[in-house]
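Inspection log for the structure reproduced underneath, given as structure tokens.
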Amino acid sequence: MVLPLLTRLDHVGIACRDLDRAVALYQATFGLEVASLEVNEEQGVREAMLAVGPAGAGPGSLGVFVAGVRPGYVQLLEPLSPDTPVGKFIARRGEGIHHVGYGVADIKEALATVAGTGIRLLDERPRHGSMGASIAFLHPADLGGVLTELVEPLTSA
Ligand code: V0V
Ligand code: CO
């Protein structure tokens, strides 16, 4: 295992009640473009990834990869129903930062290493994430109240 385990900041997940309005706000305020828009039934969300440089910020860029470099993203998350992680979060705390996602080189290896430290895994095995990534969540109560996501991109940066 190569340390550090976390290779880059991949995304900040932000819970919102209305995805279209949130996307419009980020576009109007910061000029960010939507790199992907997906429904993830397993996670109970409709979500948009908006690329934030360096590669994703270029004019006309689709915000995915430029020269093999994956940008960071803002991930806007709208719950599919109240009875989902993001739906429950909004009911309890309102809109706001929901989780932080970090890049890892090998998610299965990373999960095994983290489990060995005693941090609780919310996912024992990787799940399907945005833009074809493999993702897994770590318990916020064991990480200072921060829901933490490990992300192995479809194509490694
Ligand atoms: C809940 N809690 C959080 C939290 N959500 N703390 C920090 N950050 C969050 N996002 C706290 C909450 O304040 C309570 O603390 C406690 O957890 C129990 O709350 P709950 O409402 O009863 O919630 P649970 O226990 O049913 O579920 C909470 C967890 C759940 C974190 C276990 O949300 C989960 O499994 N999340 C992982 C999946 C996920 O979030 N998917 C959506 C993003 P107190 O009051 O007891 O202290 S999908 C995504 O990011 C994708 C697809 C992607 O990036 O590609
Ligand atoms: Co996420």
Side-chain angles (χ1 to χ4, degrees), residues 4-23 25-27 30 32-53 55-56 62-65 69-115 117-157:
L5 216 54
L6 309 180
T7 56
R8 29 186 298 285
L9 269 169
D10 189 87
H11 65 269
V12 177
I14 298 175
C16 60
R17 292 191 175 86
D18 184 329
L19 183 64
D20 299 336
R21 283 185 63 165
V23 166
L25 178 66
Y26 275 77
Q27 280 175 337
F30 303 117
L32 295 181
E33 299 290 339
V34 174
S36 95
L37 186 62
E38 297 180 27
V39 171
N40 188 322
E41 298 277 352
E42 184 183 32
Q43 298 293 336
V45 292
R46 197 161 76 91
E47 52 92 8
M49 293 289 253
L50 284 66
V52 180
L62 284 179
V64 185
F65 290 92
V69 178
R70 179 171 154 111
Y73 297 92
V74 175
Q75 181 177 46
L76 301 173
L77 303 151
E78 178 193 271
L80 291 180
S81 74
D83 182 27
T84 58
V86 175
K88 288 166 75 176
F89 178 90
I90 289 176
R92 200 187 265 259
R93 304 190 186 196
E95 296 180 307
I97 295 182
H98 179 260
H99 67 270
V100 179
Y102 297 99
V104 294
D106 181 319
I107 194 157
K108 286 183 184 161
E109 237 177 71
L111 281 174
T113 304
V114 171
T117 70
I119 302 286
R120 278 171 289 170
L121 311 182
L122 292 169
D123 300 299
E124 296 286 339
R125 59 178 177 79
R127 311 277 171 188
H128 169 73
S130 188
M131 303 170 70
S134 292
I135 62 170
F137 287 91
L138 310 178
H139 206 295
D142 292 348
L143 286 166
V146 179
L147 177 60
T148 302
E149 178 184 345
L150 305 180
V151 181
E152 183 185 330
L154 185 57
T155 307
S156 284

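Residue numbers run from 1 in the order of the sequence given. For ligands, and for the atoms within them, numbers begin at 1 and follow the listed sequence.
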Where does [X] meet ligand 1, judged by heavy-atom distances below 4.0 Å: at the side chain, the backbone, both, or neither?
{"X": "Pro140", "value": "side chain"}
{"X": "Glu47", "value": "neither"}
{"X": "Lys88", "value": "side chain"}
{"X": "Gln75", "value": "side chain"}

Open item on the list: Between Ser130 and the Co ion (ligand 2), is there a contact where an N/O/S atom of the residue lies under 2.8 Å from the metal?
Closed with: no

Heavy-atom nearest neighbour in the protein, as seen from [atom], with distance rounded to 0.1 Å:
{"atom": "atom 55 (O) of ligand 1", "answer": "Ser130 N, 2.7 Å"}
{"atom": "atom 34 (C) of ligand 1", "answer": "Leu122 CD1, 4.0 Å"}
{"atom": "atom 30 (C) of ligand 1", "answer": "Pro85 CB, 4.2 Å"}
{"atom": "atom 41 (N) of ligand 1", "answer": "Gln43 OE1, 2.9 Å"}

Any non-hydrogen side-chain atom of [X] less than 4.5 Å from a side-chain atom of [Y]?
{"X": "Pro140", "Y": "Leu122", "result": "yes"}
{"X": "Leu150", "Y": "Ile135", "result": "no"}
{"X": "Leu9", "Y": "Tyr102", "result": "yes"}
{"X": "Leu37", "Y": "Leu19", "result": "yes"}
{"X": "Met49", "Y": "Asp10", "result": "yes"}
{"X": "Glu41", "Y": "Leu80", "result": "yes"}
{"X": "Gln75", "Y": "His98", "result": "no"}
{"X": "Val104", "Y": "Val151", "result": "no"}

Task: side-chain contact (heavy atoms from CB on, under 4.5 Å) evaluation trace for Val74 with Val12 - done: CA-CA 5 Å; Val74 175; Val12 177; 5.7 Å; no

Find all atoms of ligand 1 within a distance of less than 4.0 Å from any non-hydrogen atom belonging to [X], and give their numbers and elements.
{"X": "Asn40", "answer": "52 (C)"}
{"X": "His99", "answer": "43 (C), 50 (O)"}
{"X": "Ile135", "answer": "51 (C), 52 (C), 53 (C), 55 (O)"}
{"X": "His98", "answer": "8 (N), 9 (C), 10 (N), 40 (O)"}
{"X": "Gly129", "answer": "55 (O)"}
{"X": "Phe89", "answer": "4 (C), 5 (N), 9 (C), 10 (N)"}
{"X": "His11", "answer": "54 (O)"}

Atom pair [atom1]/[atom2] of [X] and [Y] - distance to nearest 0.5 Å:
{"X": "Glu149", "Y": "Ile107", "atom1": "CD", "atom2": "CD1", "answer": "8.0 Å"}
{"X": "Gln43", "Y": "Glu38", "atom1": "CD", "atom2": "CD", "answer": "11.5 Å"}
{"X": "Leu77", "Y": "Asn40", "atom1": "CG", "atom2": "CG", "answer": "10.0 Å"}

Given the protein's heavy atoms, is any one of them under 4.0 Å from [atom]?
{"atom": "atom 27 (O) of ligand 1", "value": "no"}
{"atom": "atom 53 (C) of ligand 1", "value": "yes"}
{"atom": "atom 17 (O) of ligand 1", "value": "no"}
{"atom": "atom 47 (O) of ligand 1", "value": "no"}
{"atom": "atom 38 (C) of ligand 1", "value": "yes"}

- [ ] May I ask whether Arg93 has any heavy atom positioned less than 4.0 angstrom from an atom of ligand 1?
- [x] yes

Open item on the list: Below 4.0 Å from ligand 1: does a non-hydrogen atom of Gly145 turn up there or not?
Closed with: yes

- [ ] Could you please compute the angle at the Co ion (ligand 2) from OE1 of Glu149 to OE1 of Gln75, rounded to 10°?
- [x]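 Between OE1 of Gln75 and OE1 of Glu149, at the Co ion (ligand 2), the angle is about 170°.
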
Open item on the list: Only to 10 degrees, please: what angle do the NE2 atom of His99 and the NE2 atom of His11 make about the Co ion (ligand 2)?
Closed with: 90°

Open item on the list: Going by salt bridge (Lys or Arg N to Asp or Glu O under 4.0 Å), Glu78 matches just one of Arg21, Arg46, Arg17. Which one?
Closed with: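 It is Arg46; the other options fail the test.
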
Task: Carboxylate-amine/guanidinium contact Lys108 Asp106, below 4.0 Å - done: no

Open item on the list: Walk me through whether Ser130 and Glu47 qualify under side-chain hydrogen bond (donor to acceptor under 3.5 Å, both in side chains).
Closed with: CA-CA 8 Å; Ser130 188; Glu47 52 92 8; 3.0 Å; yes

- [ ] Nearest heavy atom to atom 22 (O) of ligand 1 wins, so pick from Arg92, Arg127, His128.
- [x] Arg92

